[in-house]
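All residue numbers refer to positions in the sequence shown, counting from 1. Note that ligands are numbered from 1 as they come in the structure, with each ligand's atoms numbered from 1 the same way.
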Amino acid sequence: MTTARLIALDQILFVLVAAAWAATAGIALTGLRQPAAAGRRTRLIAAASCAAAIVVTALRVAVTAGLAGAGWWFVAEKVTLALPLVVVPALVSAAVSLPRLLQGTATGSTRIVAFPLLVTAYGAVAGIACAVVISYPVTTGGAAAVLALFASASAVTWRLLGPARSPRHGWQAAGTCVLALALALTIGGGWPSGHLHPGHDAGGRGVSVDLLRGPAPAAAGGPAGARERVRRFTLTAQPATVRLPSGGGAEAWSFNGQVPGPVLRVRQGDLVEVVLRNRLPVQGGTVQGGTGQASNGQAGSGQGVTIHWHGYDVPAAEDGVPGVTQDAVWPGQSHVYRFRAEDAGTYWYHSHQNSSVAVPRGLFGLLVVDPAAPAPESEDHVLALHTFGSRPTLSVDGAAPSDLLTRLTLAPGARTRLRVVNTDTRPVVLGLSGVPYRIAAVDGGDVPGATDLDGARLHLAAGGRYDLTFTVPSGPVLLTTGDRPALLVNGPATPPPAAGPIVDITRYGSAAALPARFDRETTWVLDKTLAVSGGLPRLAQTVNGKAWPNIPTPVVRQGQTVRIRVVNRGTDTHPMHPHGHHVRILSRNGVPATGLAMDTFDVAPGEVWEVVLVADNPGVWMSHCHDLAHAAQGMEFHLAYEGVTTPYDMTGGNHPA
Ligand code: C2O
Ligand code: CU
């Protein structure tokens, strides 16, 4: 059974275990209080229920043993806390309570028979609490809270089942319970209180991220200026309406009135300069155009905007993260981004202010950097996948998105590159049929040794990109996204959709030489547990048991080779996206990978990925799940460099997720 299935099964089992023991204890108590004849029947039912509870408990132990095979991260709190709390009293119940229930005449007192059953029920309920409150690593606070509840409930029960019980004792005992819990929470550190620290974690000492800018254009006429090509763009955030061919539509936020925003297409080596202007409405009105120098906007009024260059490893100050590398740009304000387009490939850009709202709503566009050397393909098209409301759409070369089949005519024999960009927050399964094809590039980087695929399907992570290359055949070619026929090349005949197996992207291409020694190691255990997020305890998407902004920042030194192990203990897929760097995939679930460079990699439930990051781009960087709703629910944190700090923080309306 897969780890994901075991995780799901365990979630069913811990509820069943608790229900079974609670029912057993309840029935037994009833039976013990009934007169002998009627009680006998009830006690026999309780005995049967007890046997069933023992069976489901044993099942949970077996499932945990199975999960342990996938790694200690998946079972730590179960082995050290949840299972002992139910298994030990269950054994006592089997030895003490069960035979007495079966004897029919209750030879033991109510206390002797019922106490082990009730304590087992408390242990089983504590198992649910463990699952909700504790992730990996097991914290003393969480463990102490669960233990305190269990121990005090057991003590109160012992008292209440005893001969000399009075209501007063009951209240005293309940008070003890509450006190014990409060004490445990206090000793264990309680709810972690936290916020971002000075400089977001390099200790507040060092160079400001603000100084890590892209190059300014060389002075005109200078020796460098003569060679340098500067490409200037203006992106104006403004409202727009998206109309879909099927008749649907959506109110959107756009760049330059179009969704997706303009395709920024530059050549490798160009200096890219982008002026971002925010002309979204302020609350209660619309901001009129400015000169690009305006600063009449006001923090927090209306929708702020930034531009993050997704997958482009720009200098830190150009990364476009509000509260980390700049302040959000408010209606009426503007901001200039500059970077040298050193790497060829397919990328995209999007606002990072309230990104979980702004990106689905349209504040994104595509960035293509053509290689300095002439490309082998004569046909080159860039495809944005985006869902408006519940309608998946395709936009070809920046044209208006379509939720119907888009048609394209290409000359047979033409070498073709389709650059597919998933701008959604969920993964998509792609199929290309009618022609053998290759994945020529992943997340902007060329795939060495890309092999031909025929009928195979591809899993593209949220935020990820695949460049698909093929030679146009004489017949038609069909691209499907999910179950949807999205693009038909040279119709009208339609080839059957690709239905082959899904390519394991971590094993695609030829194996690269990968580092075997690491200067640093860090582990991100992803889960969904109770954690403080937005100042309150809530069910959050967590990393190592904590939610933004309380997730400790890994701090690296420039030049270090860092191994990152990403473990998904939860039941959601997490497309992890470290800014400013590509990582190379070392392995997935222990199976060695070919070492492709990726900037967004999808860690499915139960999976363990090992990736390596070379710290070659100093800054304070965001790292987060690109299911942007998950980021907003806590799954975002930093990667910081020693000696780099940021003057920005989350005050003034900055809100990266
Ligand atoms: Cu496209 Cu921080 O991400
Ligand atoms: Cu996620």
Side-chain angles (χ1 to χ4, degrees), residues 4 135 200 260-261 305-314 316 318-326 328 337 346-367 384-386 421-427 443-444 460-465 524-529 531 533 539-544 546-548 551 566-583 598-607 609 617 619-639 654-657:
S135 182
H200 303 213
V305 176
T306 65
I307 298 178
H308 167 61
W309 310 97
H310 184 115
Y312 220 76
D313 299 333
V314 296
E318 314 292 346
D319 198 44
V321 181
V324 183
T325 66
Q326 66 174 99
Y337 297 92
T346 309
Y347 305 90
W348 63 300
Y349 60 88
H350 61 79
S351 180
H352 221 298
Q353 167 75 358
N354 285 340
S355 56
S356 58
V357 176
V359 181
R361 234 181 135 160
L363 283 175
F364 70 93
L366 306 181
L367 167 68
L385 309 180
H386 194 79
V421 185
N422 184 1
T423 70
D424 272 328
T425 57
R426 294 286 154 82
D443 287 359
L460 180 57
R465 288 90 60 214
W524 306 342
V525 179
L526 315 177
D527 204 351
K528 188 173 189 176
T529 42
S533 163
L539 208 54
Q541 297 284 359
T542 55
V543 180
N544 299 339
K546 295 204 159 65
W548 164 268
I551 301 167
V566 190
V567 180
N568 187 349
R569 278 180 43 121
T571 50
D572 298 312
T573 290
H574 299 299
M576 298 310 288
H577 173 52
H579 283 205
H581 304 79
H582 281 69
V583 296
M598 300 178 83
D599 55 59
T600 319
F601 53 99
D602 238 346
V603 185
E607 286 192 340
W609 288 56
N617 194 8
V620 180
W621 300 101
M622 194 57 102
S623 286
H624 60 95
C625 174
H626 220 282
D627 184 324
L628 297 170
H630 294 176
Q633 288 160 30
M635 197 170 276
E636 56 174 350
F637 56 110
H638 283 345
L639 177 79
N654 290 327
H655 196 292

Exercise for the section: Spell out the protein N/O/S atoms under 2.8 Å from the Cu ion (ligand 2) as residue plus atom name. Expected result: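 Short answer, with waters excluded from the count: His574 ND1, Cys625 SG, His630 ND1.
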Problem - Closest contact, heavy atoms only, Ile307 versus Tyr337 - result: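 In this case the closest contact between Ile307 and Tyr337 is N-OH, 2.9 Å.
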Problem - Atom of Ala316, atom of Gly619 and distance for their closest heavy-atom approach - result: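 The answer is CB-CA, 3.7 Å.
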Problem - Contact check: His624 to atom 2 (Cu) of ligand 1, N/O/S below 2.8 Å - result: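 So His624 does bind atom 2 (Cu) of ligand 1 by this criterion.
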Problem - Heteroatom test (N, O or S) for His308 near atom 2 (Cu) of ligand 1, limit 2.8 Å - result: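 Here the distance criterion (N, O or S atom, under 2.8 Å) is not met by His308, so no.
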Practice task
Decide yes or no for His581 and His579: does some side-chain heavy atom of the first lie under 4.5 Å from some side-chain heavy atom of the second?
Solution key: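 When only atoms from C-beta onward are counted, His579 and His581 do not touch, as no gap falls below 4.5 Å.
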Problem - With atom 2 (Cu) of ligand 1 as the apex, the NE2/NE2 angle for His579 and His352 - to 10° - result: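 Taking atom 2 (Cu) of ligand 1 as the apex, I get 110° for this pair.
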Exercise for the section: Enter the distance from Asn568:CG to Thr573:OG1 here, rounded to the nearest 0.5 Å. Expected result: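 Going from the CG atom of Asn568 to the OG1 atom of Thr573 covers 7.0 Å.
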Problem - NE2 (His626) - atom 1 (Cu) of ligand 1 - ND1 (His310) angle, nearest 10° - result: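 With atom 1 (Cu) of ligand 1 as the vertex, the angle is close to 100°.
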Practice task
Could you label the plane-to-plane angle of the His308 and His310 rings as parallel, tilted or perpendicular, counting under 30° as parallel and over 60° as perpendicular?
Solution key: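 It falls in the perpendicular class, over 60°.
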Problem - Whether His582 and Tyr347 hold their rings parallel, tilted or perpendicular, with breakpoints at 30° and 60° - result: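 Rings of His582 and Tyr347: perpendicular, over 60°.
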Handout entry: Identity of the N, O or S atom of His350 lying closest to atom 1 (Cu) of ligand 1
Key =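 Per the distance ranking, His350 contributes NE2 as its closest N/O/S atom to atom 1 (Cu) of ligand 1.
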